[in-house]
Amino acid sequence: MSDSIERLYLAVLAAKDLDPATSRTARLFQRGPSKMAKKVAEEAIEVAIDSINGDAEAVIRESADLLYNLAVLWAATGVRPADVWREMERRENLLGIAEKLPKSALKLPKPASPRAARRPIVALEGRNLRKRH
């Protein structure tokens, strides 16, 4: 997956200086970071709404839009996908999984060693999980 996002990011960089009349990417760069941020927020909301409605196909489409707009925002702010992957790896080394960090530093576990601090990852197999509505 990281290869796909890297390709998307490189395509965004290649398109940013194209004609804004024919390139959505160039148009977003022309409109600036506030428009880019608004598009990321809009797409994230659409993913959330479609997931609540149980529309998996729409979640897939809107997730692709979200990733595209996120890549545009990253390019505009000088963030590279590799920067994000490093942060994900740092979190995995700290918490055992690349999850969102706790808000308070007091809640962070103290890692003994990078490998010893990892929590086990447990897979749920053969279970039907129900969505809450």
Side-chain angles (χ1 to χ4, degrees):
M1 180 173 86
S2 62
D3 290 346
S4 297
I5 293 176
E6 182 70 26
R7 281 194 316 275
L8 173 60
Y9 179 80
L10 293 173
V12 164
L13 289 177
K16 74 178 194 170
D17 294 320
L18 296 176
D19 181 3
T22 59
S23 168
R24 175 180 300 264
T25 302
R27 197 165 36 256
L28 283 168
F29 274 90
Q30 184 182 50
R31 292 180 178 167
S34 63
K35 180 64 173 179
M36 294 172 192
K38 181 180 176 191
K39 291 302 294 177
V40 169
E42 287 173 4
E43 299 302 342
I45 290 168
E46 289 174 5
V47 169
I49 290 170
D50 290 331
S51 70
I52 290 168
N53 292 333
D55 188 344
E57 290 300 316
V59 169
I60 292 167
R61 288 189 306 272
E62 296 303 336
S63 293
D65 291 347
L66 176 58
L67 290 172
Y68 162 76
N69 282 288
L70 188 57
V72 170
L73 190 63
W74 286 350
T77 58
V79 172
R80 297 168 301 161
D83 300 330
V84 177
W85 306 147
R86 270 192 302 282
E87 173 60 13
M88 297 298 283
E89 184 175 358
R90 185 184 76 79
R91 291 177 182 199
E92 184 177 0
N93 288 335
L94 183 64
L95 301 170
I97 186 169
E99 65 184 19
K100 188 173 185 326
L101 293 175
K103 295 284 184 193
S104 168
L106 298 175
K107 294 180 184 177
L108 287 175
K110 295 180 183 178
S113 71
R115 294 289 173 203
R118 288 187 170 187
R119 294 187 306 206
I121 296 175
V122 178
L124 297 175
E125 294 182 26
R127 289 192 177 175
N128 292 326
L129 300 177
R130 293 183 191 209
K131 293 181 184 177
R132 288 201 268 178
H133 296 280

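Just so you know, these numbers use all the heavy atoms, side chains as well, and skip hydrogens, waters and symmetry mates.
- Between A26 and A15, the closest heavy-atom pair is CB-O, 3.6 Å.
- One finds the OG1 atom of T77 at 9.0 Å from the CE atom of M36 (value rounded to the nearest 0.5 Å).
- You'll find the side chain of R24 reaches within 4.5 Å of the side chain of Y68, heavy atoms only.
- In this view, K16 satisfies the side chain to side chain donor-acceptor pair (under 3.5 Å) rule with no residue, not counting sequence neighbours.
- Side-chain heavy atoms closer than 4.5 Å link hydrophobic residues (I, L, V, M, F, W, Y) into clusters, and following such links, even through other members, never connects I60 to V47.
- Using cut-offs of 30° and 60° on the angle between ring planes, the pair W74 and Y9 is tilted.
- With contacts defined as side-chain heavy-atom distances shorter than 4.5 Å, the pair N69/L28 qualifies.
- Minimum heavy-atom separation, L73 to P33: CD1-O, 4.2 Å.
- To the nearest 0.5 Å, atoms CG (L8) and CG (L13) are separated by 10.0 Å.
- For the salt bridge (Lys or Arg N to Asp or Glu O under 4.0 Å) condition, the pairs that include at least one residue of residues 74-85, sequence neighbours left out, are R80-D83, D83-R86.
- For the atom pair K35 NZ and Q30 CD, the distance stands at 12.0 Å (nearest 0.5 Å).
- Connection of I45 to V59 is not established within any shared hydrophobic cluster, with ILVMFWY side chains joined at heavy-atom distances below 4.5 Å, either directly or through further cluster members.
- Expressed to the nearest 0.5 Å, how far CZ of R61 lies from CG of D65 amounts to 9.0 Å.
- Following chains of ILVMFWY side-chain contacts shorter than 4.5 Å, one cannot reach L18 starting from F29, and the two form parts of different hydrophobic clusters.
- I49 CD1 to E62 CD: the interatomic distance, rounded to the nearest 0.5 Å, is 9.5 Å.
- Atoms CG and CD, from L67 and E43 in turn, are 10.0 Å apart once rounded to the nearest 0.5 Å.
- Here the side chain of D19 pairs a donor or acceptor atom with the backbone of A21 at under 3.5 angstrom.
- For S51 (side chain) and A48 (main-chain N/O), a donor-acceptor pair under 3.5 Å exists by modelled atom type.
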